[in-house]
Amino acid sequence: MLSRQHKLLVMKIVSLFSVVRGYNIPIIVLAQYLSAIFILAPEKRALDILLDSYLFLIVFASAVTIASGYIINNFYDSQKDLINRPNKSMLDRLVSQKTKLSVYFSLNFMAVLTALIVSWRACLFFSAYIFLIWFYSHKIKKYAIIGNLTAAFLAVLPFFAILLYFFYHQISFDEIENHRSHFAVISAHAMFLFLLLLIREMIKDLENLKGDLANNYQTIPILYSERVSKQIITVLTFMTILPVYILINVYDVGYMDIYFYVCFMVLLFFLLYLWKSNSKEQYLMLHNVLKFLIVSGVFCIVLINPSVLWHGKQLISNF
């Protein structure tokens, strides 16, 4: 049996895990590696990418930076979360604000130091990324439209770290013209993900209406009404057709077109339910639907070229 002191320590570890949203970090790491293998550098062997030490450092720095970002976001949203997420907020409060800040600064130092090992450019990138996350949590988050756009942009930004790594090391400035189609595919994937994340941020504004109102957050549903917010979400949802059309009809995404077709059908039902929704529970369900689409999209990246999995299985069986 654990003593009372040990139980408290376990609870604090669980609390810190909740604050940094440790359940999200492995998904982000997986998304970065799968994007590198199937989208960013499809011409390279998957094993070479997995064993790339510098890529590992960039992914590690991204994961650590995102974890620290969740901490500072939790720090500034502590009062709002008491209203919007009372159960999670009570768990998060088992760790003091002082401890959270200590972990926050430690993680940021670790991220910058790790990036510096890769290059001074990577160090500059992650330093700017850390500052943007802090500035978003401290100021930008409270404002309509720009807050939503910044949140979605910050969520996509770690993938640009990998993009810059691959193209800076493999392609000279003179060769960029020859890789225009490759850039277009990457941009289409990024735009689709950005739109899904932006829609999710706007659903969160509807979901967190009471807490935002009590803490003077100037979100779209507060400033303009829930109806206007739903109209914008509807427009953004139909805008996802453009990157999906480009990926399916202009470029080859293998069997991942199945995901996009299913995703579009789910989004249509999503819109129908959105216009019938008027409670926190209903908006939470819509939020979870979007999270499912984003997470399932990560795993469906392998559908671009499933043969990589079969080759990997054969490689492992040969050892």
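In this text the structure is predicted, and so the values were computed from the model without any measurement.
Checked by atom type and distance alone, the side chain of S106 pairs as donor or acceptor with a backbone atom of S102 at under 3.5 Å. Checking side-chain atoms of Y129 against main-chain N and O of L154 turns up a donor-acceptor pair under 3.5 Å. Judged purely by atom type and a 3.5 angstrom limit, N208 has no side-chain atom pairing as donor or acceptor with the backbone of G211. A side-chain donor-acceptor contact under 3.5 Å links T237 to the backbone of I233. Listed for the T150 side chain is a donor-acceptor partner under 3.5 Å among the backbone atoms of I146.
Between W134 and F131, the two ring planes are tilted [angle within 30° to 60°]. Ring orientation note: the planes of H138 and Y76 are tilted relative to one another, at an angle of 30° to 60°. In this structure, F260 and H189 have tilted ring planes: the angle between them lies in the 30° to 60° band.
Between Q231 and Y224, every side-chain heavy-atom pair lies at or beyond the 4.5 Å cut-off. You'll find the side chain of L30 stays beyond 4.5 Å of the side chain of Y33, heavy atoms only. You'll find the side chain of T114 stays beyond 4.5 Å of the side chain of V64, heavy atoms only. F299 is listed as a side-chain neighbour of I27, based on a closest heavy-atom distance under 4.5 Å. In this structure, Y261 and V244 have side chains that are not in contact, with every pair of non-hydrogen atoms separated by 4.5 Å or more. A heavy-atom distance below 4.5 Å is found between the side chains of L50 and I37. The shortest side-chain heavy-atom distance between L197 and R200 falls under the 4.5 Å cut-off. Within the 4.5 Å cutoff, no side-chain heavy atoms of F38 are placed close to those of I49.
Using a 4.5 Å cut-off between side-chain heavy atoms of Ile, Leu, Val, Met, Phe, Trp and Tyr, with links allowed through other members, M191 and V235 fall into the same hydrophobic cluster. Hydrophobic clustering (ILVMFWY, side-chain heavy atoms < 4.5 Å, transitive): L124 and I133 are in distinct clusters. L213 and L284 fall into different hydrophobic clusters, where Ile, Leu, Val, Met, Phe, Trp and Tyr are joined by side-chain heavy atoms under 4.5 Å apart, directly or via other members. M239 and I220 fall within the same hydrophobic cluster, where Ile, Leu, Val, Met, Phe, Trp and Tyr residues are linked whenever their side-chain heavy atoms come under 4.5 Å apart, directly or through other members. Note on L267 and L242: same hydrophobic cluster, where clusters join Ile, Leu, Val, Met, Phe, Trp and Tyr whose side-chain heavy atoms are under 4.5 Å apart, directly or indirectly.
Atoms CG and CG, on N108 and L113 in that order, are 12.5 Å from each other to the nearest 0.5 Å. Between atom OG of residue S18 and atom CG of residue N74 there is a gap of 7.5 Å, rounded to the nearest 0.5 Å. One finds the OH atom of Y255 at 14.5 Å from the SG atom of C300 (value rounded to the nearest 0.5 Å). From L290, atom CG reaches atom CD1 of I203 across 6.0 Å, with rounding to the nearest 0.5 Å. Taken to the nearest 0.5 Å, the CD1 atom of I71 stands 12.5 Å off from the CD1 atom of I66. From L157, atom CG reaches atom CG of L132 across 7.0 Å, with rounding to the nearest 0.5 Å.
S277 meets the side chain to side chain contact (heavy atoms under 4.5 Å, CB included) test with Y273, Q282, Y283, L286; sequence neighbours excluded. Residues passing the salt bridge (Lys or Arg N to Asp or Glu O under 4.0 Å) test with K142, sequence neighbours excluded: none. Under the rule for a side-chain hydrogen bond (donor to acceptor under 3.5 Å, both in side chains), the partners of Q97 that lie at least two apart in sequence or sit in another chain are K100. For the salt bridge (Lys or Arg N to Asp or Glu O under 4.0 Å) test, no residue two or more places apart in sequence or in another chain qualifies with D257. The salt bridge (Lys or Arg N to Asp or Glu O under 4.0 Å) check on D77 picks up K80, K141, with sequence neighbours excluded.
In terms of heavy atoms, S127 sits closest to C123 at OG-O, 2.7 Å. The minimum heavy-atom distance between S68 and Y104, with the atom names listed, is O-CD1, 3.2 Å. Taking all atoms of both residues into account, the shortest heavy-atom contact from Y259 to L293 is OH-O, 2.7 Å. Closest non-hydrogen pair, E226 versus L206, comes out as CG-CD2, 3.8 Å. When all heavy atoms of L195 and P243 are compared, the pair lying nearest together is CD1-CG, 4.3 Å. Listed here is the closest heavy atom pair of D205 and D212: O-OD2, 4.0 Å.
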| task | Determine, step by step, whether F75 and L101 satisfy the side-chain contact (heavy atoms from CB on, under 4.5 Å) criterion, reporting the C-alpha distance in whole Å, the side-chain angles of both residues, the deciding distance to 0.1 Å, and the verdict. | result | CA-CA 8 Å; F75 179 83; L101 286 179; 3.8 Å; yes
| request: Before giving the answer on side-chain contact (heavy atoms from CB on, under 4.5 Å), spell out for L107 and T65 the whole-Å C-alpha distance, their side-chain angles and the decisive distance to 0.1 Å. | output: CA-CA 7 Å; L107 290 176; T65 303; over 6 Å; no
| task | Could you walk me through whether V266 and F292 pass side-chain contact (heavy atoms from CB on, under 4.5 Å), step by step? | result | CA-CA 11 Å; V266 171; F292 173 77; over 6 Å; no
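K204 and E201 are joined by a salt bridge, as a carboxylate oxygen and a charged side-chain nitrogen come within less than 4.0 angstrom of each other.
Legend: side-chain hydrogen bond (donor to acceptor under 3.5 Å, both in side chains) pairs involving residues 20-32, not counting sequence neighbours, sorted by first then second residue: N24-Y70, Q32-S62.
Counting heavy-atom neighbours within 6.0 Å of L223 CG, excluding the residue itself, gives a total above 12.
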